[in-house]
Amino acid sequence: MKLFENKSLGKRKTGKNPEEKSNKNILRLTYVIVILFVVMIGYEGYFLVFQREDVINNTYNARLDSFSDRIVRGKIRSSNGTVLAETLVGEGGEETRSYPYGPLFAHVVGYSTRGKTGLEAAGNFYMLSSHINLLEQMIRELSGGKNPGDDIYTTLDVELQQVAWDALGDRKGAVVVMEPDTGKILAMVSKPGYDPNTLNQDWDWMVEDGDHQARLLNRAAQGLYPPGSVFKLVTLLEYVREHPEDYEDFRFECDGIYEEGEYTIQCFNQTAHGSMGLREAFANSCNGAFASLGLELDKERTKRTAEELLYNSQLPLAIAYSKSSFQMKGDADVWETLQTYIGQGKTQMTPIHSAMITAAVANGGILMKPYLIDHVEHVGGETVKRFMPEAYGSLMTAEEAAILTEMMEAVVTEGTGSAVRTEGYTVAGKTGSAEFETGKETHGWFTGFAPAEKPELVISVIVEEGGSGGRAAAPVARLVFDAWFGRG
């Protein structure tokens with residue numbers, strides 16, 4: 001009897017009550033709803049904090065038009081408040097975007113008609129937002145008026161921009177100037193330029209003519225060029241990494257022409273540099289020496305080093321840019337190897353990328369993210385948002401950066417960069433002459449920083465078909481350095 005009762009009780013315990021089962025299902029459904037609600041709220045918060053500006057800034061977002069229907073686009077200003085772009089409102093309410101400096105800031109400031117480029121695109125969200133007090137906003141909207149958009153204050157320096165522009169003259173090319181310890185871009189020049197004030201009238205003939213269409217290209221950030229001897233910074237870094245204990249023991253005898261089997265590499269103007277160590281070879285930009293280095297370096301490791309220096313990579317840059325490319329593979333033949341290690345072959349880079357690598361060297365190996373917007377103010381002068389310097393990461397060790405700096409100083413004091421040598425300040429730099437088409441003059445490069453011992457300013461210059469970088473690009477850099485260090 002006892003056994004029977006226990007069995008009966010056991011069966012009752014395992015039985016399922018319909019009402020209890022229903023309650024459990026309701027509870028599960030409640031949990032699912034709560035979880036979905038939390039996820040939705042979390043995503044909404046994520047969107048507001050991280051994605052709202054990107055989505056609103058997207059050129060495919062139709063809401064942009066509705067923003068401009070009730071807000072007068074804010075101004076773009078230089079670092080000291082000088083107006084670089086503003087919207088003028090006529091008596092009939094018609095709006096015209098005006099650029100007081102015409103072509104001078106055309107590429108970096110950009111345009112807001114025919115799409116948006118440059119800072120007009122990067123700062124679009126801020127200039128179509130208005131932070132004047134709510135009562136004033138309501139009064140304007142009720143009366144059918146528009147509210148003034150916020151102004152963006154850039155990092156751009158009008159004087160340095162003008163000096164760089166004038167230094168390039170009527171030659172095609174680009175100049176980028178930045179602070180290595182903050183990432184602030186102080187100047188960005190691209191030539192030939194265009195007048196954004198007459199863009200609508202000029203548009204058809206510029207886009208129909210291939211030569212004139214190139215005027216719209218921001219060569220500083222989008223122009224891809226063979227780096228020439230500027231790439232020897234990468235080759236040098238790789239050699240130091242593969243020979244940390246004995247890189248100073250390197251010796252090379254240069255007679256102006258380096259031969260490897262059926263292939264020949266010439267130094268610029270077939271200059272015979274004689275017997276040199278690594279420092280002298282770098283200072284003299286000896287093609288033969290660096291081509292010979294390339295034959296003994298590990299190609300896969302070189303590719304990793306190049307990519308650590310942001311070749312084949314996205315750049316931390318808010319405006320449109322082109323990605324620099326390094327294509328040499330481990331099975332590259334002798335000719336491609338020789339060409340690649342002296343900065344020729346298939347390798348391409350942009351002036352802004354050159355400036356970023358140089359800035360990392362100047363900043364002890366740490367790259368600060370380049371930026372162009374310093375802060376945002378509403379029309380009453382109160383700061384709405386401020387952008388602070390931010391580290392991208394380490395591109396090399398501090399020890400490696402110190403070695404490259406010493407070698408770059410030698411370029412200026414005893415090598416191809418003598419055009420920037422002065423008693424007023426020290427400079428570390430690298431020149432380059434990049435071949436790009438048979439029968440045409442080479443592109444001239446210069447990249448460097450000053451003072452060498454405590455860098456304040458980084459500059460990268462390219463002069464298209466300018467010839468020697470030491471003769472064409474270095475003098476441009478010298479004028480910008482002089483303007484900076486000549487300030488009282």
Side-chain angles (χ1 to χ4, degrees), residues 103-108 117-118 160-178 185 187-195 206-207 209-233 268-269 285 287 319-325 339 342-358 416-417 419-420 429-448 458-480:
L104 180 59
F105 288 93
H107 294 94
V108 63
T117 61
L160 292 186
Q161 184 85 1
Q162 187 70 64
V163 170
W165 176 273
D166 293 342
L168 269 180
D170 58 1
R171 298 170 295 180
K172 294 180 180 180
V175 182
V176 177
V177 185
M178 61 186 291
I185 297 175
M188 181 178 283
V189 168
S190 176
K191 282 195 169 184
Y194 64 93
D195 188 347
M206 279 200 295
V207 298
D209 188 308
D211 291 335
H212 290 299
Q213 186 174 359
R215 290 176 175 271
L216 297 172
L217 181 76
N218 183 357
R219 284 166 161 80
Q222 297 171 297
L224 284 168
Y225 304 91
S229 292
V230 168
F231 187 81
K232 288 171 184 170
L233 281 165
F268 190 75
N269 288 337
S285 202
N287 285 338
I319 61 173
Y321 64 88
S322 297
K323 188 189 296 185
S324 298
S325 63
Q339 289 283 293
I342 63 172
Q344 296 291 161
K346 301 174 183 177
T347 307
Q348 290 190 312
M349 79 182 307
T350 59
I352 185 64
H353 182 202
S354 172
M356 290 165 66
I357 293 174
T358 306
T416 58
V420 292
K430 184 70 190 80
T431 61
S433 303
E435 296 179 2
F436 70 101
E437 186 176 324
T438 303
K440 289 194 174 183
E441 187 61 272
T442 58
H443 295 324
W445 278 97
F446 178 84
T447 190
V458 163
I459 182 167
S460 281
V461 180
I462 187 164
V463 180
E464 294 184 15
E465 298 185 58
S468 161
R471 289 200 305 265
V476 175
R478 170 66 183 274
L479 290 171
V480 176

Which pair of non-hydrogen atoms, one from G470 and one from A419, has the smallest distance, and what is that distance? O-CB, 3.5 Å

Can any side-chain N or O of H107 pair as donor or acceptor with the backbone N or O of G118 at less than 3.5 Å? no

Identify the heavy atoms of Y194 and M206 that sit nearest to each other, and give their distance. CB-SD, 4.0 Å

side-chain contact (heavy atoms from CB on, under 4.5 Å) with T416: of S285, S433, S229, S468, only one passes, and it is S285

Please check: side-chain N/O of T358 versus main-chain N/O of S354, any donor-acceptor pairing under 3.5 Å? yes

Under 4.5 Å between any side-chain heavy atoms of M188 and N218, yes or no? yes

What do the steps show when you test R171 against V476 for side-chain contact (heavy atoms from CB on, under 4.5 Å), and what is the final call? CA-CA 11 Å; R171 298 170 295 180; V476 175; 3.6 Å; yes

Looking only at heavy atoms, what is the nearest atom pair of V189 and A164, with distance? CG2-CB, 3.9 Å

So, S460 side chain and A355 main chain: donor-acceptor pair closer than 3.5 Å or not? yes

Just how far is it from atom CZ of R215 to atom CG of D195, taken to the nearest 0.5 Å? 11.0 Å

Please report the closest heavy-atom contact between F446 and A473, naming both atoms and the distance. N-CB, 3.5 Å

Does K232 reach the side chain of N287, with side-chain heavy atoms less than 4.5 Å apart? yes

Can you tell me how far the CZ atom of F268 sits from the CZ atom of R471, to the nearest 0.5 Å? 5.0 Å

E435 backbone acceptor or donor facing Q344 side chain under 3.5 Å: yes

Working to the nearest 0.5 Å, report the span between CZ of F436 and CD of E441. 9.0 Å

Is a side-chain donor or acceptor of Q161 paired with a backbone partner of L104 at a separation under 3.5 angstrom? yes

Do side-chain atoms of H443 reach the backbone of P227 as a donor and acceptor pair under 3.5 angstrom? no

Shortest non-hydrogen contact from A434 toward P226: CB-O, 3.1 Å

Output for pair (I352 CD1, I319 CD1), nearest 0.5 Å, gives 7.0 Å

Do T350 side-chain atoms and G223 backbone N/O form a donor-acceptor pair below 3.5 Å? no

For the CG atom of L160 and the CE atom of M178, what is their distance to the nearest 0.5 Å? 13.5 Å

Would you say the side chain of R219 lies within less than 4.5 Å of the side chain of I462, judging by non-hydrogen atoms? no

With a 4.5 Å limit on heavy-atom distance, are the side chains of E464 and Y225 in contact? yes

Quick check on E465: does its CD atom have over 12 non-hydrogen neighbours (other residues, nucleotides or ligands) under 6.0 Å away? yes

Does K430 make a cation-pi contact with W445, if we ask for NZ or CZ under 6.0 Å from the ring centre and within 45° of the axis? no

